[in-house]
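Please read the structure below before turning to the comments.
Each chain gets a letter, A, B and so on, in the order its sequence line appears, and its residues count up from 1. Atoms considered below: every heavy atom in the structure, side chains included; atoms not considered: hydrogens, waters and symmetry mates.
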2 protein chains.
Amino acid sequence: MDRFVSLQRKIAPEIGELIDIRYSILRHIHFSQPVGRRTLSSRLAEKERTVRSELEFLRQQGLLAVGPAGVSLTPEGERTFADLGEYVRELRGFARLERGLEERLPVARVVVVAGDSGRDPTVKKEMGRAVVRILRDIVEEGDIIAAGGGTTMAEVAAAIVPSGWPKGITVVPARGSLGEEVETQADTIAVTMAKRMGGAYRVLNVPDDLHPETISRIVDEPRIKEVLDLIKRARVVVHGVGTLEEMAKRRGITGDALEILTSRGAVAEMFGYYFDSDGKMVYYTPSMGIRPEDLAGKKLIAVAGGAKKAQAVLAVMKQQSREALVTDEAAARRMLELEG
Amino acid sequence: MDRFVSLQRKIAPEIGELIDIRYSILRHIHFSQPVGRRTLSSRLAEKERTVRSELEFLRQQGLLAVGPAGVSLTPEGERTFADLGEYVRELRGFARLERGLEERLPVARVVVVAGDSGRDPTVKKEMGRAVVRILRDIVEEGDIIAAGGGTTMAEVAAAIVPSGWPKGITVVPARGSLGEEVETQADTIAVTMAKRMGGAYRVLNVPDDLHPETISRIVDEPRIKEVLDLIKRARVVVHGVGTLEEMAKRRGITGDALEILTSRGAVAEMFGYYFDSDGKMVYYTPSMGIRPEDLAGKKLIAVAGGAKKAQAVLAVMKQQSREALVTDEAAARRMLELEG
DNA sequence: AGCCCCGGGACGCATAGCGTCCCGGCGGAG
DNA sequence: CTCCGCCGGGACGCTATGCGTCCCGGGGCT
């Protein structure tokens, strides 16, 4: 089989791109059906005509059907799409990517999904599903799970299938909200996850762009104290990774702070803490919630994709050893490039 | 693996053509290296520029190298070509073709090789090699082998590797020569086969476009009689298949005979005997050699390819049950179409 | 009722790749 | 030794494919 694939790569490498575009179209339809040609092309950053030709082809193959509201996968299309995941993994050598990263980074398990979440948002959904699969393996009865924020984490929460989870799970936000959209705040995500897992939740409900003194006062409040205590006791932590640019844009980091960050070589963010490319913490924003020193001994699952995030993910991975990393193909390849 | 292939056929069927042309180029180079671009393109019935592009690609893949006398396969190219045989069998579903024919025709074993011998002469070389592989299984010490004529049979003889054959083999022509080129006469082929197998041979050395009365007189000659006796006693028979058109052109069949042949629905020829599409003998040219009724009880191996010969091959296969049929992809697909 | 997104049609254009010719060189045959 | 033929590589115009783009009528959701 491996021989088969390498032979094919030798004799007809162009099938890679072919499969790529078609698989991403199928994936997109799978997650957004029914969906129109224009929406599809804009979201995939492909020209409308290209998408159209491929759509036509896939329809002729009996993989999708057109309805008044757009195209949908036929049952055969769904089946093919499901099978295609494994196929693409083989064809593009994901196993090799994963092993490469596992060797170079202190992570026990790396999972790579197809695509580039920087270009195709549905890739995040796939990453979400992969995280959920890992959670199924790890989570035990009575666990406390701390969840981070961000768009990727939101997809993790959305990917949880609400059945078959152990009892007595409690989900808490890993830290206060970051002034983002409510859907991507750690609080919201913790709630969604808890509900879907049939567990309990506690939230902080506190913005963390407050004055440091205000924060230290709030921390003493019994309700907050209880949540912070739960966070410290969490056995499992799931979180995304931020890049410096992203953070600077999303939260209005002042000129001073930004200057300090860049001068100290900060490239990555996690829970409001900033790390340089060696994984050393170089800065943090005053906040409440989990602290880096709390992470030791916990099962850490990081999830982040997109070629642009590769450097940041590397930095965070070096910060300390982890249980698992879920990323996408674009980030994985970039990371291996960067790490030699 | 099977799943893999069918999935690929579903999601990217165009790789078929891609592999096709590249494989046939590799095959051609393998058999004729070193060879030039122009020769290649004319023999493959492909445009020069197409061949050139593919050649460029294959060179970039490190599969072939250009010398002053033309292109040759690199060691890696040879290895890839060898592996590609199996790969192409899988990819194009030859196993299914073979099983389909085995079910529909009275043949114990069908072997399909890639390509169309009507378009690419090197496909005949592959068929030849396949026949030789079968002979290796079948031939025993002291066997008498009767060989037919034709270009395909010439390739069978050429494909015999002269070592490891049982002792005491005798090869005889199945019938007199047909006025063809000497290289493709049954006599010549029998000699070549015998020499390569390290065995003995006897030839007829008699053209069979003689007057019937002359023939019947020659048959009584002791030397001829002995050969004819050997032919009758042969345990293994290897032969090609002719189409009506081919025969009409190659031997100048007179208007009368041709009219009779067409009116009786003759479509196929073997050993100078003509068969209609049901495999019923409808005509024969006066000759000496093997007769249809002699075939029963012998191990028969038929070899013929090319889409144009499909109908003829079917007819001959129906004529009586056989040990093996070696054909090519084009003929196999056509045969299955014709047989529903 | 209105708006937006849907699929499908149409059409011009750009470009990749095709077809074709040519050249200088080398090797083998005579 | 010479010549012919085939070799690879270069060049170049053209065509046809497929891309980009706009438009239309329709239907569902708000």
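When atom types are taken as modelled, the side chain of Thr74(A) and the backbone of Gly62(A) share a donor-acceptor pair closer than 3.5 angstrom. Panel note: side chain Lys309(B), backbone Val241(B); a donor-acceptor pair is recorded below 3.5 Å. Here the side chain of Arg27(B) pairs a donor or acceptor atom with the backbone of Ala114(B) at under 3.5 angstrom. Looking only at distances, no side-chain donor or acceptor of Asp120(B) sits under 3.5 Å from a matching main-chain atom of Leu44(B). A side-chain donor-acceptor contact under 3.5 Å links Gln61(B) to the backbone of Lys10(A).
No hydrogens or angles considered: a donor-acceptor pair under 3.5 Å links the side chains of Ser53(B) and Arg49(B). No hydrogens or angles considered: nothing links the side chains of Thr243(A) and Lys308(A) as a donor-acceptor pair under 3.5 Å.
A salt bridge is defined here as a Lys NZ or Arg NE, NH1 or NH2 lying under 4.0 Å from an Asp or Glu carboxylate O, and Arg129(B) with Glu126(B) meets this definition. A salt bridge links Glu337(A) to Arg334(A): one of the charged nitrogens lies within less than 4.0 Å of a carboxylate oxygen.
Atom CZ of Arg119(A) has 12 or fewer heavy atoms from other residues, nucleotides or ligands within 6.0 Å.
When the local axes at the two ends of the helix from dA1(C)-dT30(D) to dG30(C)-dC1(D) are compared, using 5 base pairs at each end, they differ in direction by 30° after rounding to 10°.
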Please write out each protein N/O paired with an N/O of nucleotides 16-19 of chain C under 3.5 Å, distance rounded to 0.1 Å.
{"residue": "dG19(C)", "atom": "O6", "partner": "Arg49(B)", "partner atom": "NE", "Å": "3.4"}

What are the atom names and distances for every N/O pair under 3.5 Å that joins the protein to nucleotides 26-30 of chain D?
none

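Across the protein-nucleic acid pair, Leu64(B) atom CG and dC7(D) atom C1' stand 15 Å apart, rounded to whole Å. Across the protein-nucleic acid pair, Leu55(B) atom CG and dG9(D) atom P stand 9 Å apart, rounded to whole Å. Spacing between atom CZ of Arg37(B) and atom P of dG5(D) amounts to 18 Å, rounded to whole angstrom units. Atom P of nucleotide dG10(D) and atom CZ of Arg38(B) are separated by 16 Å, given to the nearest angstrom. In this structure, Glu56(B) atom CD and dG10(D) atom P are separated by 9 Å, rounded to whole Å. Protein atom CG of Leu40(B) is 14 Å distant from nucleotide atom P of dG9(D), rounded to whole Å. A straight line from CD1 of Ile29(A) to P of dC6(C) spans 12 Å, rounded to a whole angstrom.
Within 4.0 Å (heavy atoms only), Val51(A) reaches no atom of the nucleic acid at all.
Within the 4.0 Å cut-off from OP1 or OP2 of dC6(D), not a single side-chain nitrogen or oxygen of Thr39(B) is found.
Aromatic ring pairs are classed by plane angle as parallel below 30°, tilted from 30° to 60° and perpendicular above 60°; the pair Phe81(B) and Tyr23(B) is parallel.
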